[in-house]
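Worksheet: the structure to be examined is printed underneath.
Values below: all heavy atoms of this structure, side chains included; hydrogens, waters and symmetry mates excluded. Just so we're on the same page: letters track the sequence lines, and every chain starts at 1. Computed from a predicted model, the values in this text were never measured in an experiment.
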Amino acid sequence: MLDPKLIKEKPQVIQDMLKARAVEFDLEGLIESDQKRREFIIKTDELRKKKNQVALTISEKKKAGEDISGILEEMKKVSEELTKLELEQNNVEKKYLKLASSIPNLIHESVPIGKDDESNKEVKKWGDIPEFDFKIKDHIDISEDLDLVDLERAAKVAGARFYYLKNDLVRLNQALINFGLDFLREKGYSVVQPPYMINRESMEGAVIADDFEEVIYKIDNEDLYMIGTSEHAMAAMHSKEIIEGKDIPKKYAGISPCFRKEAGAHGRDQKGIFRVHQFDKIEQFIFSKPEDSWKEHEKLLSIAEEFYQKLKIPYRVMLLSTGDTGNISAKTYDIEAWMAGQNAYREIVSCSNCLEYQARRLKIRFRDKTNDDTQYVHTLNSTLIATTRVLVAIMENFQTKDGHIRIPEVLQGYMGNQKEI
RNA sequence: GCCGGGGUAGCCAAGUGGUAAGGCGGCUGUCUCGAAAACAGCUACGUGAAAGCGUGCAGGGGUUCGAAUCCCUUUCCCGGCGCCA
């Protein structure tokens, strides 16, 4: 949600954003309904004022023992009128809110204009693409040959896009998680394991309406939704709170499984564990002061980069174009890791600055002194590890001629100094 | 799951149908070389150029001319009982 004041005071800013994102949006209608809403507020406030005055008169007359039957009639009329007006106002307000909350976030000036990922800009490349003197396999063949993943039985038991992780791959998964948590803890993050299911109000604060149906699983007959990432639960953690300025920035390392419908992804990455309904993820989540959020955004990216440098996985950093940037984000970097089996860079990290967009929906504010005006915080998030995708990168990039997998040096200590799978 | 007690402003806390007590913390002013103390005003959200006005007593609904207060309902916290990895 954007600052409603923008609609009245700087509609051009919204207009520019809509043009950059090439989003269809009825801005005229929004401005109109905003105006109508204000008119109704003034009208109902006036009537309420009258009601309060009459109520006061009744109270005084009653105390004085005077007859109040006439004025009671008047009060009744005012009340009825007010009820009617409030109903109308409610409808206007609802219409306005629906429109207002569906405006996408502002977009940063550095984001390249474009309609899709074709216009994404490569801003950095790190590491040498590995060369092999033998015929390499993709992660599906590797994991099958080494008995590390069972996709067939998972399909039988749960369906497509599920997997049984087995043997040393389970240990590698845990090693990644433990390494990742230690890594972020050393950077000053608090480690948090959030609820894996959250209520609708919280989910709506962090997720844009369209994503709800496409991504989020709902629990039958409960007001509960399974998180698609710990970001959802982390964003809502401080909802309806006023945080003390000295406690900001708050830096959290969220660790949780992620559940995603992957609706609309039919046919893409159909095989293997690259695109699945469930995986583990460590997420960096930051509540920042507005003036620091762009600095924090770059820092988030650099921390994620450092992590993949330690693993020695080659990657490139992409700045997403306006068309590829999510509606709640003002600027997003993706890190794409080299995946030898696919001979391509594939997304493993997404790093976004959401400005005050989520905070406004979730009512997360801060202030430096008790009596200062409250301000909305800025929220930022970045993947550190989406485990299945990193496992794919490790399996494919670190495969050996004799069909094994070299374990990255930094993870060996987390696997009893094992060097190979 | 059952029984009981609770949820009032940044925090604490009074308030049994007639304009939301009080305290703490904070801000501004007076005073002062400066500060402290003392005193006064302000201290949430909306609307408005402003004065002001309105809203706000966990959320939703109802009764009433009028609800923090009475009724219904949802939710969370505390205590007890039950169940339980």
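The shortest distance between the side-chain N/O atoms of A:K8 and the OP1/OP2 oxygens of B:G48 is below 4.0 Å. Here A:N52 reaches the OP1 or OP2 of B:G54: one of its side-chain N or O atoms lies under 4.0 Å away. Note on A:R48: every side-chain N or O is 4.0 Å or more away from OP1 and OP2 of B:C53. Contact annotation: A:S79 reaches the phosphate of B:G66 (side-chain N/O to OP1 or OP2, under 4.0 Å). For B:C45, one of the phosphate oxygens OP1 or OP2 lies less than 4.0 angstrom from a side-chain nitrogen or oxygen of A:T374.
Taking atom C1' on both B:A20 and B:G66, the two are 16 Å apart, rounded to the nearest angstrom. Rounded to whole Å, the P atom of B:C2 lies 16 Å from the corresponding atom of B:C83. A gap of 15 Å separates the C1' atoms of B:G56 and B:G7, to the nearest Å.
Taking every side-chain heavy atom of A:D45 into account, B:G54 is the closest of B:U47, B:G54, B:C65.
Taking the six-membered ring wherever Trp is involved, the centroid distance between the rings of A:H297 and A:Y333 falls below 6.0 Å. When ring centroids are compared, A:F307 and A:F183 come within the 6.0 Å threshold. Under the 6.0 Å cut-off for aromatic ring centres, A:F287 and A:H238 qualify, their centroids lying closer than that.
Note that A:R389 lies in the cation-pi zone of A:F274, set by a 6.0 Å cut-off to the ring centre and a 45° limit from the axis.
Applying a 4.0 Å cut-off to non-hydrogen atoms, none of the residues of residues 355-365 of chain A approaches RNA chain B.
With salt bridges taken as basic N to acidic carboxylate O contacts below 4.0 Å, one links A:R360 and A:E356.
Test A:L380, A:V377, A:T379, A:L300 against A:S288 for side chain to side chain contact (heavy atoms under 4.5 Å, CB included) and you get one pass: A:L380.
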